[in-house]
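Counting from 1, the numbers follow the sequence of the chain as shown.
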Amino acid sequence: MSAGTETDTETRYDYGGDEFVYVELSPAMSLPVHFTSLGITRRLAEEAIPGVEEIAPSNASYMVRVDPDRLHPRDLVRELQRIEEEVGGHSDDLTVATRIIDVPIMLNDPWTHEVLMKFRDRHQDPNGTDLDYGARINGYSSTEDFIDALAASPYLVTMMGFVPGLPWCFQLVPRERQVEVPKYVRPRTETPERAFGFGGAFAVIYPVKGAGGYQLFGSAPAPIFDGEQRLPDFAENDSVVFFKHGDVINYRRVDQEEYDDVRAQVDAGTWRYSFKELEFSPSRFLADPDGTNAAMKEVLYG
């Protein structure tokens with residue numbers, strides 16, 4: 001199969017030199033498409049095919065690094081086509097072992113507000129705030145209603161990257177309820193560490209301070225990147241990042257008092273994320289999104 005050749009579905013397979021196969025399942029991101037990607041990449045990891053070196057899932061695609069001396073990329077494509085057919089044909093049976101995580105967020109906080117007000121000349125709405133703009137273009141009558149929508153349902157980590165530890169999160173709601181906002185007209189030269197931002201349909205937490213173009217809606221008190229592995233969540237897992245592809249995140253709105261309490265625990269080196277392991281069923285979610293979300297929150301909070 002030559003690079004760029006399409007199968008009889010939307011799926012497109014491309015070769016990146018001798019060591020990479022890039023698979024685009026659809027030109028557009030949607031939860032059903034990502035669930036297919038999630039099922040394929042989880043199955044591929046489980047099968048541990050000799051020659052498969054690394055699997056990098058993304059929003060509507062994934063990439064596989066292959067050792068061509070052990071597995072020819074053309075043979076890998078045939079294996080991926082087989083797995084896609086098996087996963088797609090039995091999607092109702094697919095369950096994914098994951099975890100739901102409580103992530104405190106202070107929305108409309110003073111720190112990101114101070115930064116975003118410095119860059120109104122780079123924004124679509126120079127006279128308001130990022131939350132004001134997000135509420136207006138998504139049809140909400142008030143900023144508070146918009147904040148309620150942001151925090152109402154959990155999010156699925158559909159990709160990790162851009163900078164180490166950054167989770168791209170797609171809210172687990174029907175398409176008609178998806179929040180979407182464009183990025184800034186021109187990127188900021190400053191974004192606070194742990195800022196909670198939104199771009200397109202994706203929510204993120206910025207792991208470190210730096211440039212950025214996503215709308216700024218709030219701030220997380222706890223780090224998601226720990227280069228020194230000082231906190232227990234990072235030290236015990238021997239990792240500098242906390243989130244993983246396929247995690248479900250419940251962004252829980254907190255006030256200044258709880259924000260400060262979490263920061264004190266972080267400073268003392270005792271902070272731990274609260275999470276529970278569970279089995280996530282994409283087909284059950286698609287049939288009953290609100291019921292599935294409520295059940296996952298019940299698992300997390302009891």
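In this pair, His123 and Tyr184 present their aromatic rings perpendicular. The plane angle is above 60°, beyond the 30 to 60° band.
Considering only heavy atoms from C-beta on, Phe243 comes within 4.5 Å of Val103 through its side chain. Side-chain atoms of Asn108 and Phe217, non-hydrogen and from C-beta on, never get closer than 4.5 Å to each other. In this structure the side chain of Asp247 never reaches within 4.5 angstrom of the side chain of Phe242, judged on heavy atoms. Val23 is listed as a side-chain neighbour of Leu80, based on a closest heavy-atom distance under 4.5 Å. Considering only heavy atoms from C-beta on, Gln229 stays 4.5 Å or farther from Ser239 through its side chain. Within the 4.5 Å cutoff, no side-chain heavy atoms of Asp255 are placed close to those of Met106. Counting heavy atoms from C-beta outward, Trp271 and Val262 have side chains that approach closer than 4.5 Å. Using a 4.5 Å heavy-atom threshold, the side chains of Met296 and Asn250 count as separate.
In this structure, Asp233 CG and Tyr273 OH are separated by 7.5 Å, a value rounded to the nearest 0.5 Å. Within the model, atoms CZ of Arg136 and OG of Ser142 stand 14.5 Å from one another, a figure rounded to the nearest 0.5 Å. Rounded to the nearest 0.5 Å, atoms CD (Glu24) and OG (Ser37) are 11.5 Å apart. The distance from the OG1 atom of Thr98 to the NZ atom of Lys244 is 9.0 Å, given to the nearest 0.5 Å. In this structure, the separation between OG1 on Thr191 and CZ on Arg194 is 13.5 Å, given to the nearest 0.5 Å. Leu25 CG to Glu84 CD: the interatomic distance, rounded to the nearest 0.5 Å, is 5.5 Å.
If you look at Phe196 and Tyr251, their ring centroids are closer than 6.0 Å. Annotation: His34 is not in aromatic contact with Phe170 [ring centroid separation under 6.0 Å not met].
The backbone N or O of Lys183 sits less than 3.5 Å from a side-chain atom of Gln124, completing a donor-acceptor pair. The main-chain N or O of Pro182 is found under 3.5 Å from a side-chain atom of Gln215 such that the two form a donor-acceptor pair. Using modelled atom types, one side-chain atom of Asn138 and one backbone atom of Gly134 make a donor-acceptor pair closer than 3.5 Å. Thr41 places a side-chain N or O within 3.5 Å of a backbone atom of Leu38 that can act as its donor or acceptor partner. Listed for the Asp132 side chain is no donor-acceptor partner under 3.5 Å among the backbone atoms of Gly128. With hydrogens and angles disregarded, a donor-acceptor distance shorter than 3.5 Å links the side chain of Arg230 to the backbone of Val266. In this structure, the side chain of Arg65 does not engage the main chain of Phe20 through any donor-acceptor pair within 3.5 Å. Between the side chain of Ser61 and the backbone N or O of Pro57 there is no donor-acceptor pair closer than 3.5 Å.
The environment of CG in Asp290 is crowded: more than 12 heavy-atom neighbours from other residues, nucleotides or ligands sit within 6.0 Å. Residue Arg284 qualifies as open at atom CZ: its count of foreign heavy atoms under 6.0 Å is 12 or below. For Lys297, the NZ atom counts as densely surrounded, since its 6.0 Å shell holds more than 12 non-hydrogen atoms of other residues, nucleotides or ligands. Within 6.0 Å of CD in Glu277 there are 12 or fewer heavy atoms belonging to other residues, nucleotides or ligands. Atom CD of Glu228 has 12 or fewer neighbouring heavy atoms from other residues, nucleotides or ligands inside a 6.0 Å radius.
When all heavy atoms of Ala97 and Arg42 are compared, the closest pair comes out as O-NH1, 2.9 Å. The shortest non-hydrogen separation linking Ala60 to Ala28 is CB-O, 3.9 Å. Of all non-hydrogen atoms in Ser281 and Thr95, the two that sit nearest each other are CB-CG2, 4.3 Å. The nearest pair of heavy atoms linking Val66 to Pro73 is CG1-CG, 4.1 Å. Of all the heavy atoms in Val254 and Pro104, the pair that sits closest is CG1-CB, 3.7 Å. Smallest separation of non-hydrogen atoms from Ile49 and Leu71: CG2-CD2, 4.0 Å.
Salt-bridge annotation for Arg120 and Asp125: absent, with no side-chain N of the basic residue lying under 4.0 Å from a carboxylate O of the acidic one. Salt bridge annotation for Lys276-Asp102: absent, with no cationic side-chain nitrogen under 4.0 angstrom from a carboxylate oxygen. Salt bridge status for Arg122 with Glu190: absent, with no side-chain N to carboxylate O gap under 4.0 Å. By the 4.0 Å N-to-carboxylate-O rule, Glu86 lies close enough to Arg82 to be salt-bridged with it. A salt bridge links Glu236 with Arg272; the closest basic N to acidic carboxylate O contact falls under 4.0 Å.
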(request) Begin from the C-alpha positions of Asp130 and Tyr214 and carry the test side-chain hydrogen bond (donor to acceptor under 3.5 Å, both in side chains) through to its verdict. (result) CA-CA 9 Å; Asp130 294 7; Tyr214 277 25; over 6 Å; no

(request) Output, in order, the C-alpha distance, side-chain angles, deciding distance and verdict of side chain to side chain contact (heavy atoms under 4.5 Å, CB included) for Val77 and Arg74. (result) CA-CA 5 Å; Val77 167; Arg74 285 195 299 270; 5.7 Å; no

(request) Show your working on side chain to side chain contact (heavy atoms under 4.5 Å, CB included) between Arg253 and Glu258 and close with a plain yes or no. (result) CA-CA 10 Å; Arg253 188 181 185 184; Glu258 186 169 355; over 6 Å; no

(request) Show the numbers, then the answer: is there a side-chain hydrogen bond (donor to acceptor under 3.5 Å, both in side chains) between Ser141 and Asp145? (result) CA-CA 7 Å; Ser141 58; Asp145 287 345; 3.1 Å; yes

(message) Would Val21 and Tyr15 count as a side chain to side chain contact (heavy atoms under 4.5 Å, CB included) here? Give the steps.
(response) CA-CA 5 Å; Val21 172; Tyr15 300 111; 3.9 Å; yes

(request) Please test Phe280 against Phe35 for side chain to side chain contact (heavy atoms under 4.5 Å, CB included), starting from the C-alpha separation and ending with a verdict. (result) CA-CA 10 Å; Phe280 178 75; Phe35 291 152; 3.6 Å; yes

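The hydrophobic clustering, which links ILVMFWY residues whose side-chain heavy atoms are closer than 4.5 Å, places Leu286 and Val87 apart. Follow the hydrophobic side-chain contacts under 4.5 Å out from Leu278 and you never reach Phe275; the two are in separate clusters. The hydrophobic clustering, which links ILVMFWY residues whose side-chain heavy atoms are closer than 4.5 Å, places Leu131 and Val181 together. Tracing side-chain contacts under 4.5 Å through hydrophobic residues (I, L, V, M, F, W, Y), one never reaches Ile205 starting from Val241; they form parts of separate clusters. In the hydrophobic cluster analysis, where Ile, Leu, Val, Met, Phe, Trp and Tyr join through side-chain heavy atoms closer than 4.5 angstrom, Val33 is grouped apart from Leu172.
For residues 103-122, the set of pairs meeting the ring-ring contact (aromatic ring centres under 6.0 Å, His included) definition, not counting sequence neighbours, comprises Trp111-Tyr259.
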For residues 147-164, dump all side-chain donor-acceptor pairs below 3.5 Å to protein atoms at least two apart in sequence or in another chain.
unit_1: Tyr155; atom_1: OH; unit_2: Leu150; atom_2: O; d: 2.7
unit_1: Thr158; atom_1: OG1; unit_2: Asn59; atom_2: OD1; d: 2.5
unit_1: Thr158; atom_1: OG1; unit_2: Trp168; atom_2: O; d: 3.4

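Partners of Arg263 under the side chain to side chain donor-acceptor pair (under 3.5 Å) rule, at least two apart in sequence or in another chain, do not exist in this structure.
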